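Only a predicted model underlies this, so the values are computations on that prediction, with no experimental measurement involved. Both ligands and their constituent atoms are indexed starting at 1 by order of listing.
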Amino acid sequence: MTSALAPSGIDPATSPARALACRACSARYPLIAQHACYECFGPLEVDHDPTALATVTREQIEAGPRNIWRYAPLLPVGQDPATRVTLDPGFTPLVAAPRLAAEVGLTAPLWVKDDSANPTHSFKDRVVSVALTAARSLGFTRFACASTGNLANSVAAHAARAGAPSVVFIPSDLEQGKVVTTAVYGGDLVAIDGSYDDVNRLCGELVETDEFEDTAFVNVNVRPYYAEGSKTLGYEVAEQLGWRIPAQVVIPMASGELLTKVDKAFAELVEIGLVEAPAGGWRVFGAQSAGCSPIAAALHADSDTINPVKPTGIAKSLNIGDPAAGPYALESVRRTGGWMAAADDDEIRAGIRLLARTAGVFAETAGGVTVAVLRKLVESGRLDPTAETVIFNTGEGLKTLDAVADQAGPSHRIKASLRAARDAGLMG
Ligand SMILES: *Cc1c(COP(=O)(O)O)cnc(C)c1O
Ligand SMILES: [Zn+2]
């Protein structure tokens, strides 16, 4: 890497990223569009130069924009804003949730990191901004993904903003709130008769064809860059707490990637000296829906093998039956002393309503999963009720209205008169 611009197109003079490394066997590759190891088929991850990371200061970050790009020196991209493909997501609210804490039995502070506030209303804007910025510097001109819904929204919107063509693949049974909010941006939207895992397999085949040579699939061929975008959630939580890492985090899992990257973000911040590890470390907890809980099932069986499942249930954004980062999510949770649990559809609906009623945050089904699992983890004694906890709401309730539509209508219906209001008991 002697030239100013490495052959990959990701400039090592301005990016701390140095290589792709296999998570399974540690084989190393240049920073190109590749996601699986040629030696062992393990997943590849971006490896950063620790000395480049160590030059980053709190002051430098705090002087940056109020979005994910304040953390650009910690991401596998060049530093020139003009090269970004982005909706400038991030710096979403960290909401204090004392009434939710009381309701589930926590005595320590509880916070909701509300990523529904992102431009397309889910945490996926973070990963897409990083993936597509890397993809453009790698020379790709068309943007694609295999999606359970939120990723579709985000890729279509990013492509529209950038004026680039997009082709987005989804299972045909997605919520209307995810389909409409993707189709409206233009671009090709391909509904597949099959599950997400079928969609993902097809994308894995398409990406190998000559016809798709110009196409970056954010969660296939440029997945290592995509995954790094999730770290910004961990960085933000620490910065918003005044450069502290919470003792416990509860994170929804689909592929399991987000969970592993929040853990990685905390470890990086400690390693480069931006925060001190909390006494006793941090503990990472994973949340799945009972209709698709292969990672939690492996933990509960004390197994290293993730047995793929055929997903069911209303938390469609989390319905990945064969989770790519599952083994690494298990590793994070075991190493940090956390746990995992799963919530059924009724518990998910109750979780959505509980969060809305106690914190003023309307979450999609994935957020309902997380709140329901928080309650279970407290009840089972796995989560310490006296330790500070952050839960992650990763998506917006308006996209999955059907989940609670039957349970959330007008509480009264009256004539437009004072008398009717009094009769309905509205006047004390
Ligand atoms: C994609 C997604 C997640 C988690 O995704 P991972 O594949 O585990 O990184 C969580 N919540 C929502 C709403 C999502 O769309
Ligand atoms: Zn390998």
Would you kindly say whether [X] and [Y] are connected by a side-chain donor-acceptor distance under 3.5 Å?
X      : Y      : result
Glu396 : Ser122 : no
Ser255 : Arg223 : yes
Asn200 : Asp197 : no
Thr232 : Arg126 : yes

Lys/Arg cation over aromatic Phe285: Arg382, 6.0 Å, 45° cone: no

Total protein N/O/S atoms whose distance from the Zn ion (ligand 2) is less than 2.8 Å: 4

Partners of Tyr38 by ring-ring contact (aromatic ring centres under 6.0 Å, His included), sequence neighbours excluded?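 Applying ring-ring contact (aromatic ring centres under 6.0 Å, His included) to Tyr38 gives Tyr29.
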
Protein neighbours of ligand 1 with a heavy atom under 4.0 Å, given by chain and number, are Phe123, Lys124, Asn150, Pro252, Met253, Ala254, Ser255, Gly256, Glu257, Leu258, Ser317, Leu318, Glu364, Ala366, Thr394

Please enumerate all residues that pass side-chain contact (heavy atoms from CB on, under 4.5 Å) together with Ala408, with sequence neighbours excluded. none

Taking the ring of Phe212 and the ring of Phe217, is the distance between their centroids below 6.0 Å? yes

Please name the residue in the list Val404, Thr365, Val371, Val373 that meets the side-chain contact (heavy atoms from CB on, under 4.5 Å) test with Ile348.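 Only match with Ile348 under side-chain contact (heavy atoms from CB on, under 4.5 Å): Thr365.
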
